[in-house]
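What follows is a short report on a single structure.
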Amino acid sequence: MSEALDRDRLKSFAVRLMAVYGDATLVQMIDLGARTGLTGVLAEAPGTVADLAGRAGLQPRYVQEWLGAMVTGGVVAHDAGVFTLPPEHAACLVGDSFYNTSAMARAIANGNQHNDVLAEAFRQGGGIAYGDQPGDIVGLLDAMGRARYDTFLVDSYLAVDAQLVRALADGADVCDVGCGAGHATNLIAQAFPASSVVGVDRNPDALDAARAEAASMGLTNVRYEVADAADLEAGALDVVTAFDVIHDLSHPRETLRAIAGALRPGGTFLLYDAAAPSDLDAQAELPWATMMYGISVNACLTNALAGGEDAEGWGPMYPRAGVEEALVAAGFELAGVHPVKGDPMNALYVARR
Ligand SMILES: C[S@@+](CC[C@H](N)C(=O)[O-])C[C@H]1O[C@@H](n2cnc3c(N)ncnc32)[C@H](O)[C@@H]1O
């Protein structure tokens with residue numbers, strides 16, 4: 001080892017890395033707790049190892065080791081052999097509240113499954129489209145937004161623009177691009193029965209889920225089409241929405257131009273997307289920046305870069321200034337940029353034709 005090394009700096013970074021590795025393994029434990037139902041069992045009532053293993057139908061020795069990680073990681077409390085998940089922690093890990101972010105652990109654990117393929121993409125270029133990513137990617141993407149849409153979509157996200165709400169209430173031709181499993185799309189159709197809504201996504205599996213949910217909700221004013229987000233009919237729409245998708249696209253600017261062309265004069269585009277500060281030092285102040293760059297590499301960016309050599313690929317840390325510039329370049333007038341309730345990582349951009 002070189003004599004020039006600053007030993008204090010080396011030691012402090014080595015210690016920090018232990019904490020980093022610990023947190024990384026805690027992510028896997030959180031995901032295992034969700035997959036096995038163990039976290040849910042613990043959230044219902046405290047218990048001993050034997051009691052929790054019995055209630056969850058799991059092997060006690062694994063449960064004991066998992067609890068060791070969860071206690072030393074500060075997730076679970078223990079006293080005299082009884083383990084407790086504090087209710088505030090339970091709210092962040094189980095249930096229907098938008099505070100439940102356990103899908104993030106699933107996304108990170110998912111990304112780790114294809115590191116070999118990703119390493120090859122780093123060398124050769126290209127990427128892994130969502131449809132080819134491991135696990136139940138449709139269910140995962142749905143789980144990441146569902147509770148937020150239930151809580152905020154109609155009363156907060158759409159409500160940022162009175163002209164948009166009026167158009168929807170009066171009856172608009174609406175398209176939700178990159179709709180995934182369609183929960184946001186279905187909620188719009190449900191809230192605005194005079195409007196006619198189409199959800200487009202290039203993943204047919206996602207649209208099967210979207211259609212099934214629409215049927216279960218008894219909706220008759222929504223339909224789904226497998227299509228690329230850039231293939232919209234010109235001048236046929238009053239409202240376009242894009243939730244958490246433009247930064248995933250291979251050719252985001254081409255799609256923004258297509259959306260601008262698809263809107264009738266006066267039409268509104270509601271874009272829910274990345275809004276990072278431009279400067280890396282400013283990004284370093286954000287507690288989620290590292291996580292979002294990682295999720296970008298293993299999901300969003302690699303999906304975008306799967307789209308050919310000329311793919312651009314923004315990723316979820318794309319700066320707000322870049323998004324605004326791209327909207328104007330696509331032919332929109334920017335009518336407003338608003339914070340997203342329940343999601344400080346993104347913004348709501350209202351753009352008009
Ligand atoms: C992060 S998900 C968001 C899904 C949904 N909007 C939501 O908020 O739950 C991104 C979606 O964009 C879709 N997508 C990616 N590239 C696309 C393209 N070129 N055309 C249409 N959909 C695309 C993916 O299949 C995926 O369903």
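Values below: all heavy atoms of this structure, side chains included; hydrogens, waters and symmetry mates excluded. Both ligands and their constituent atoms are indexed starting at 1 by order of listing.
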Test: Asp170 and Arg166 ion pair at under 4.0 Å: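 Answer for the salt bridge query: no.
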Just to be sure I understand the cut-off, which residues have at least one non-hydrogen atom under 4.0 angstrom from an atom of ligand 1?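 Its neighbours under 4.0 Å (heavy atoms only) are Tyr130, Leu141, Tyr149, Gly178, Cys179, Gly180, Asp201, Arg202, Asn203, Ala227, Asp228, Ala229, Phe243, Asp244, Val245, Asp248, Leu249, Asn303, given by chain and number.
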Dump the intermediate steps for side-chain contact (heavy atoms from CB on, under 4.5 Å) on Tyr349 and Glu324, then the final yes or no. CA-CA 8 Å; Tyr349 301 82; Glu324 292 182 4; 3.9 Å; yes
Heavy atoms, side chains only, cut-off 4.5 Å: are Asp132 and Ile137 in contact?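 With C-beta onward as the side chain, the pair stays apart.
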Is it true that, when you exclude Asp279 itself, more than 12 heavy atoms of the residues, nucleotides or ligands shown sit nearer than 6.0 Å to its CG? yes
Any donor-acceptor pair under 3.5 Å linking the side-chain atoms of Tyr272 with those of Arg148? yes
Just by modelled atom types, is the Met292 backbone N or O under 3.5 Å from a matching donor or acceptor in the Ser296 side chain?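 Absent.
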